[in-house]
Amino acid sequence: MRVITRAGNGEWVAWRVGRRRLAWQPQYGDRGGGGLDLSGLQGEIGGVIALAIMGLLLLWWVMNWLLVLLATAVVWPWRAITGRWQVVAYVTDTGGRELESRWVRGRSAADELARQWATEIEQHGRPITGRVDEVPPSTRFRNRGFV
């Protein structure tokens, strides 16, 4: 579900809250490299090289998404059988960099946590329940965040 709320600076922020749908979410954001600069390639041969590089990047992007979708076809039944569901909440404008996630047992528990997080985001601007800093360090790794 989408939750719209105001950030501390007064801007509107859109959150996505719910069970993790895909096996993982490919990240293509800025990784500090400054992007791909093809401005040095000039002339006819430069255009062919630039086109080949862009074609390889497109192929890599398509193959990555196909792999995600194939893995999801295995992960969803596995989650249903084991009863372990990941609940996520992230700001959509940042590409998922502001991510809160928690594993719970049972689909209904996952849906309930998502509804609870949506309410907390509307009231406080971010999820409060189940944050790692709430769990004492002695139990953090023993129960691995299961409810």
Side-chain angles (χ1 to χ4, degrees), residues 1-41 49-147:
M1 74 184 74
R2 290 185 73 115
V3 179
I4 309 293
T5 187
R6 282 202 184 265
N9 59 5
E11 293 183 12
W12 289 102
V13 179
W15 285 75
R16 188 240 181 258
V17 182
R19 284 179 280 122
R20 172 68 81 188
R21 303 269 188 249
L22 299 171
W24 71 85
Q25 182 73 33
Q27 300 293 323
Y28 302 108
D30 183 28
R31 298 186 184 201
L36 183 62
D37 183 18
L38 299 177
S39 63
L41 300 175
I49 292 172
L51 194 59
I53 290 173
M54 290 188 311
L56 287 173
L57 289 175
L58 178 64
L59 178 66
W60 178 80
W61 183 83
V62 168
M63 294 301 290
N64 195 359
W65 272 104
L66 285 175
L67 185 62
V68 167
L69 293 174
L70 287 172
T72 301
V74 173
V75 168
W76 262 76
W78 180 253
R79 288 177 182 166
I81 291 169
T82 61
R84 294 181 57 200
W85 294 89
Q86 185 181 19
V87 180
V88 295
Y90 60 89
V91 177
T92 59
D93 299 341
T94 62
R97 283 191 287 269
E98 292 185 41
L99 176 73
E100 298 284 340
S101 70
R102 184 172 177 198
W103 288 93
V104 296
R105 288 204 183 268
R107 188 172 178 168
S108 61
D111 291 339
E112 179 60 33
L113 181 60
R115 284 190 293 275
Q116 184 176 357
W117 277 2
T119 303
E120 291 174 357
I121 289 170
E122 289 172 347
Q123 294 173 352
H124 306 289
R126 72 177 308 108
I128 306 296
T129 305
R131 303 237 0 225
V132 173
D133 52 0
E134 287 182 349
V135 180
S138 61
T139 61
R140 188 176 300 154
F141 297 106
R142 185 175 43 205
N143 60 6
R144 296 182 178 209
F146 288 110
V147 177

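Source: prediction; values computed, not measured. Numbering of residues begins at 1 and proceeds along the displayed sequence.
Between Thr5 and Ile121, the shortest heavy-atom distance links the atoms OG1-O, 3.4 Å. Pairing each heavy atom of Val104 with each of Ala109, the nearest pair is CG2-C, 4.1 Å. Nearest heavy atom pair, residue Ala89 against residue Trp117, reads CB-CE3, 3.7 Å. When all heavy atoms of Pro127 and Glu100 are compared, the closest pair comes out as CG-CG, 3.8 Å. Across every non-hydrogen atom of Ala14 and Ile4, the tightest pair is CB-CD1, 3.6 Å. Between Gly106 and Trp85, the shortest heavy-atom contact is C-CD1, 3.6 Å.
For Glu112, the salt bridge (Lys or Arg N to Asp or Glu O under 4.0 Å) partners two or more places apart in sequence, or in a different chain, are Arg115. By the side-chain contact (heavy atoms from CB on, under 4.5 Å) test, Thr119 is found to be paired with Gln123, residues two or more places apart in sequence or in another chain being considered. Here Arg6 pairs with Trp12 under the side-chain contact (heavy atoms from CB on, under 4.5 Å) rule; sequence neighbours left out. Qualifying salt bridge (Lys or Arg N to Asp or Glu O under 4.0 Å) partners for Arg19, counting only residues two or more places apart in sequence or in other chains: Asp111. In this structure Leu58 satisfies the side-chain contact (heavy atoms from CB on, under 4.5 Å) test together with Trp61, Val62, sequence neighbours excluded. Not counting sequence neighbours, the partners of Thr82 by the side-chain contact (heavy atoms from CB on, under 4.5 Å) test are Trp78, Arg84.
Residues Val91 and Arg126 fail the side-chain proximity criterion, which asks for heavy atoms closer than 4.5 Å.
In this structure a side-chain-to-backbone donor-acceptor pair under 3.5 Å is missing from Arg2 to Thr92. The closest donor-acceptor contact from the side chain of Glu120 to the backbone of Ile128 lies under 3.5 Å.
Considering OG1 of Thr72 and CH2 of Trp65, their distance stands at 8.5 Å, rounded to 0.5 Å.
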